[in-house]
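See structure below.
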Amino acid sequence: MQLTATTPVAAGATTPAHTNPMPLLVLTCAVMAALIALYFNTSATIVALWNSSETFAHGYVIAPLSLWLIWRRRANFQAIPAQPCLPALALLALAGLGWLAGRMGSVQVVMQYAFVAMLPLAAWVMFGTRLARSLAFPLFFILFAVPFGEVFIGPLIDFTADFTVWALQLTGMPVLRNGTHFEIPSGNWSVVEACSGVRYLISSITLGSLYAYLTYHTVWRRTAFIALSVIVPIIANGLRAYMIVMIGHHSGMTLAVGVDHLIYGWLFFGLVMLLMFWIGGYWQQAAPDQESTGPVLAGARASTPYLAGVATLTVALAAVWPAWAAFADRPNPQQPQLALQLPAPAIASFTEWKPDYMPSDAALSQTYQGDAPVMLNILYYRNQHNGKALISSSNRLAHEKNPFHITTTTAHVLDGAFKVREARLSGPGGDVLVWHWLRVGQHATANDYAGKAWQAWQKFSGQGDDGATVMLATPVQGPDAGQARATLRAFLASHRAAIDTALDAAQRK
């Protein structure tokens, strides 16, 4: 007679005979559908960005790819027993709290990442740690669907401009540079957002991560190839920009200008990526044997009623955060008013420059005459949303189509802890020096991240989301901005209290 060891059947579990994974899959899909319904507005903003920007159009294929990767390992659902992981609910709650913080601070990318992260975390809750770990990459690959990368546009523009000018000078080309604009004997060039290479970078990281997962099976090889997929497109974009300038130069500015340089850029990028994947194929590893899961023990697979209970608990926990947001996000019906009385006389504006910001609820723009003219701009925001926000990547001192462009940026500390950001802009009528900062509630800051944090706290504490940006501008005479800084410092010392009083009065209304 042969003896076999067994384990006791736990509460809420079934015997080994019930190995059909369909109840688990159906309930998990129901949880996913419920999450999408609860966070429909957030998911809609993701799709809207896919539609509006070619940079993020790849988002449409991420979910199908994730499902395909899971399908490739569908045998795991039979081999590995599903045992829901209730401790993973804590991570789901943390993601929900992150979404709420993003909602309170109107940080769309935080809301989007937190929501999308809930999907694999909910699958972890339902599948259990062992099964979820075997599908970790396919589950979390969905994070690539989030439209992210605009924060890198500025640094990539600067790097591309630096690289192009350096390469031109290295090959003996005389270059006169002004910020991201430069001149060579055959014509003028400018590195703008479309030339930043952020599209190449995002595409490369996404494809590189997928390629590394499918081709390699050790952590260090996957990590090395993903790192390569970050470095290569940045360098390649610099080479692309240099080649386009040289083609334009040697063709008398008839080739590689206008839309041509975008086409040439994608062809060059495609060749670089093909070369990178071809070289990476030399280190391809054979697929390892499937991990031995052992027999499905009695009591190891959760029953359908137990799975249904866990699914209900998961959805209920996810529903807490939208309900909290609906309560805290009540609008202030009052229209803010800005009234500022300064002893300095108001005069006509000395410059055509205006900040490229979203429409505000209240605005003030006046120019005052002292030893030198100073323009004061205040934009005040209340009941903020995607199309009307104080802190947004869409808000800039000068967009690429603006006749003014930024040549230098820096930061200054005034009166101890008070900070302002400085930008020098060049455009029609000469250069302008701009000092600007944020005022969120009662807090002044020159840092966008700190401003978002204060905004979230204001809403959490029921004080609304009122905020303003304050900008001071004065003309710059000559290459040295020292006198312009002295003018702005004197104006701020005399009138900052009046500016704060006006903002305090607007917030009370």
Side-chain angles (χ1 to χ4, degrees), residues 9-44 46 62-64 66-71 73-100 111-143 145 293 296-326:
V9 179
T14 65
T15 64
H18 297 278
T19 59
N20 182 10
M22 285 307 297
L24 171 67
L25 295 176
V26 169
L27 287 168
T28 301
C29 289
V31 170
M32 300 299 172
L35 289 176
I36 293 173
L38 286 169
Y39 297 88
F40 180 79
N41 289 337
T42 302
S43 59
I46 294 175
I62 298 300
S66 183
L67 292 173
W68 173 70
L69 293 172
I70 292 173
W71 174 257
R73 308 204 67 180
R74 60 191 178 277
N76 291 16
F77 290 98
Q78 290 283 358
I80 303 176
Q83 184 63 50
C85 179
L86 296 183
L89 287 171
L91 293 177
L92 186 68
L94 188 62
L97 184 61
W99 177 89
L100 183 62
M111 296 170 62
Q112 292 170 346
Y113 264 116
F115 157 66
V116 175
M118 289 182 188
L119 301 177
L121 290 174
W124 183 1
V125 173
M126 295 296 297
F127 293 170
T129 298
R130 194 176 181 191
L131 179 55
R133 184 171 58 235
S134 73
L135 301 168
F137 183 87
L139 289 173
F140 284 93
F141 186 71
I142 194 69
L143 290 173
T293 60
V296 179
L297 301 177
R301 191 179 297 275
S303 66
T304 299
Y306 181 64
L307 288 172
V310 173
T312 302
L313 180 61
T314 302
V315 173
L317 179 61
V320 168
W321 315 107
W324 190 341

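Looking only at side-chain heavy atoms (C-beta outward), W124 and L131 stay at 4.5 Å or farther from each other. Using a 4.5 Å heavy-atom threshold, the side chains of L135 and L69 count as separate. By the 4.5 Å heavy-atom criterion applied to side chains, L38 and V315 are counted as neighbours.
The CG atom of L119 lies 9.5 Å from the OG atom of S43; values are rounded to the nearest 0.5 Å. To the nearest 0.5 Å, the span separating CG on L317 from CE on M118 amounts to 8.0 Å. In this structure, M111 CE and N41 CG are separated by 8.0 Å, a value rounded to the nearest 0.5 Å. Between atom CD1 of residue I80 and atom OG1 of residue T129 there is a gap of 11.5 Å, rounded to the nearest 0.5 Å. Rounding to the nearest 0.5 angstrom, the gap separating the CG atom in L121 from the CE atom in M126 is 14.0 Å.
Smallest separation of non-hydrogen atoms from P21 and Q78: CD-NE2, 3.4 Å. The two residues I46 and A145 come nearest to each other via the heavy atoms CG2-O, 3.8 Å. Across all non-hydrogen atoms, the minimal contact from S66 to I142 is OG-N, 4.4 Å. Closest non-hydrogen pair, A114 versus G98, comes out as CB-C, 4.0 Å. Closest heavy-atom contact between P84 and L307: CG-CD2, 3.5 Å.
Every residue two or more places apart in sequence or in another chain that forms a side chain to side chain donor-acceptor pair (under 3.5 Å) with T42 is listed here: W99. Residues that satisfy the side-chain contact (heavy atoms from CB on, under 4.5 Å) test with L86, not counting sequence neighbours, are L89, Y306, V310. Considering only residues two or more places apart in sequence or on other chains, F115 meets the ring-ring contact (aromatic ring centres under 6.0 Å, His included) condition with Y39.
Residue pairs satisfying the side-chain hydrogen bond (donor to acceptor under 3.5 Å, both in side chains) criterion with at least one member in residues 310-325, sequence neighbours excluded, are absent. Under the side-chain hydrogen bond (donor to acceptor under 3.5 Å, both in side chains) criterion, the residue pairs touching residues 112-122 are T45-Q112, with sequence neighbours excluded.
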Fill in: Working for side chain to side chain contact (heavy atoms under 4.5 Å, CB included), residues N76 and I70
CA-CA 9 Å; N76 291 16; I70 292 173; over 6 Å; no
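Using a distance-only test at 3.5 Å, with no hydrogens or angles considered, a donor-acceptor pair links the side chain of R73 to the main chain of S134.
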Please set out all donor-acceptor pairs under 3.5 angstrom arising from side-chain atoms of residues 23-37, sequence neighbours excluded.
residue	atom	partner	partner atom	Å
T28	OG1	L24	O	2.7

